[in-house]
Amino acid sequence: MGITLPGLMDPKDQRSRFSVNLPMTNERSPGRDLKQQLGVDCVIVQESHALCLAERHFGSARGHNDFAILDLCAGVGMGVFAGGRLLTGHCGFAGEIGHVTVEPGGEPCACGNRGCLETVASEPAFLRALGRRLGRNVMWDGALAMIRDEVPEAEEELERLCRFLAIGLGIAVTVLNPSNVFVHSRLFAARPSLLDVLRVEAERSALRPSLHACDIRNGTGSKPQGAIAAVIEHLTEQLAPSIVSRSLSTSHRARRGESG
Ligand SMILES: [Zn+2]
């Protein structure tokens with residue numbers, strides 16, 4: 001069984017170290033608990049990493065070795081493929097771009113800092129900002145209707161969200177030099193032209209040759225697909241590691257322009 005989970009996952013023991021948006025899992029091992037209850041093996045994968053695997057196995061990143069996904073939902077996450085492999089970092093925590101400071105001294109974030117990207121560019125942040133502007137609570141369906149009807153307050157808040165998101169995107173594009181960034185967001189799905197706003201805003205912060213070499217578009221993978229892809233990767237590494245090393249050496253040869 002494959003399961004996706006938000007937050008910091010330690011792949012060594014499949015333990016959730018710290019989840020801002022699902023704190024009930026902190027320091028717990030949901031995979032181990034489920035295995036005990038259900039009697040089946042479970043593979044836990046961080047949800048942005050899962051989206052990255054989904055995009056590579058089933059979505060628009062098939063054949064790409066250096067790409068990133070930007071995941072806007074309850075928080076903001078990033079998954080990165082570099083050199084044909086998922087970038088996990090030393091502890092498995094790579095990709096937490098939602099906790100990069102983009103507004104020093106801004107709103108408090110559940111991580112303990114202030115002004116993190118996800119305090120201004122996540123779905124809840126958008127609903128909060130729109131609600132403040134209108135002087136009432138705004139729910140998701142109401143916000144979507146306002147986006148559809150091009151209500152000026154919603155338009156201005158979307159542009160503000162893009163300005164902040166572009167800072168995070170600019171950092172990622174400048175540091176990682178991906179060929180593609182796939183955006184996963186119900187806001188961007190509702191208004192695809194936001195990608196153009198995002199790209200224009202990113203011109204202010206990204207290194208331009210890296211940005212101009214990067215294709216930014218909406219992603220097509222899903223988190224359930226990511227859970228399936230994680231199981232496939234897990235079984236491949238466990239049962240047929242030679243396939244992993246062979247595909248890696250092939251991708252390295254391809255980057256060097258060799259054949260075979
Ligand atoms: Zn934070």
Side-chain angles (χ1 to χ4, degrees), residues 3-11 14-28 30 44-52 68-80 82 86-133 137-138 140 143 157-176 178 181-188 194 198 201-202 204-206 216 219 223 226:
I3 298 166
T4 70
L5 207 67
L8 305 182
M9 286 291 311
D10 189 334
Q14 299 260 295
R15 185 177 287 266
S16 170
R17 294 295 178 203
F18 179 60
S19 178
V20 165
N21 295 310
L22 202 59
M24 70 183 71
T25 63
N26 288 351
E27 292 304 330
R28 298 190 64 88
I44 305 281
V45 62
Q46 199 273 350
E47 64 175 3
S48 296
H49 294 182
L51 265 182
C52 213
I69 66 95
L70 191 54
D71 176 23
L72 273 72
C73 50
V76 179
M78 176 162 273
V80 177
L86 182 68
L87 193 69
T88 57
H90 176 56
C91 304
F93 304 162
E96 290 292 331
I97 200 156
H99 299 285
V100 167
T101 303
V102 294
E103 192 179 35
E107 281 188 46
C109 179
C111 75
N113 290 336
R114 282 182 173 273
C116 292
L117 181 59
E118 72 177 40
T119 66
V120 285
S122 59
E123 286 182 357
F126 175 70
L127 296 181
R128 278 196 308 273
L130 189 54
R132 273 196 301 268
R133 224 165 216 272
N137 282 339
V138 177
W140 179 249
E157 287 305 328
L158 282 176
E159 285 184 18
R160 179 173 179 268
L161 179 147
C162 279
R163 281 199 296 277
F164 283 117
L165 191 61
I167 298 174
L169 176 70
I171 292 169
V173 166
T174 302
V175 172
L176 300 166
V181 173
F182 300 101
V183 178
H184 288 263
S185 161
R186 292 189 291 180
L187 293 172
F188 280 70
L194 283 179
L198 184 62
E201 291 293 336
R204 301 177 206 275
S205 58
I216 302 167
K223 288 172 187 172

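Just so you know, residue 1 is the first one in the sequence shown, and it goes up from there. First listed ligand is number 1; within each ligand, the first listed atom is number 1.
- The backbone N or O of Phe126 sits nowhere less than 3.5 Å from a side-chain atom of Glu157 that would complete a donor-acceptor pair.
- Residues Pro30 and Leu5 meet the side-chain proximity criterion, which asks for heavy atoms closer than 4.5 Å.
- A donor-acceptor contact shorter than 3.5 Å links the side chain of Ser205 to the backbone of Ala166.
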Distance-only criterion, 3.5 Å: show the donor-acceptor pairs between side-chain atoms of residues 96-105 and protein atoms not counting sequence neighbours.
from: Glu96; atom 1: OE2; to: Gln46; atom 2: NE2; distance (Å): 3.3

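- Take a cut-off of 2.8 Å around the Zn ion (ligand 1): the protein N, O or S atoms inside it are His99 ND1, Cys109 SG, Cys111 SG, Cys116 SG.
- No donor-acceptor pair closer than 3.5 Å links the side chain of Ser16 to the backbone N or O of Arg28.
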Legend entry - salt bridge (Lys or Arg N to Asp or Glu O under 4.0 Å) evaluation trace for Arg17 with Glu27: CA-CA 5 Å; Arg17 294 295 178 203; Glu27 292 304 330; 3.1 Å; yes
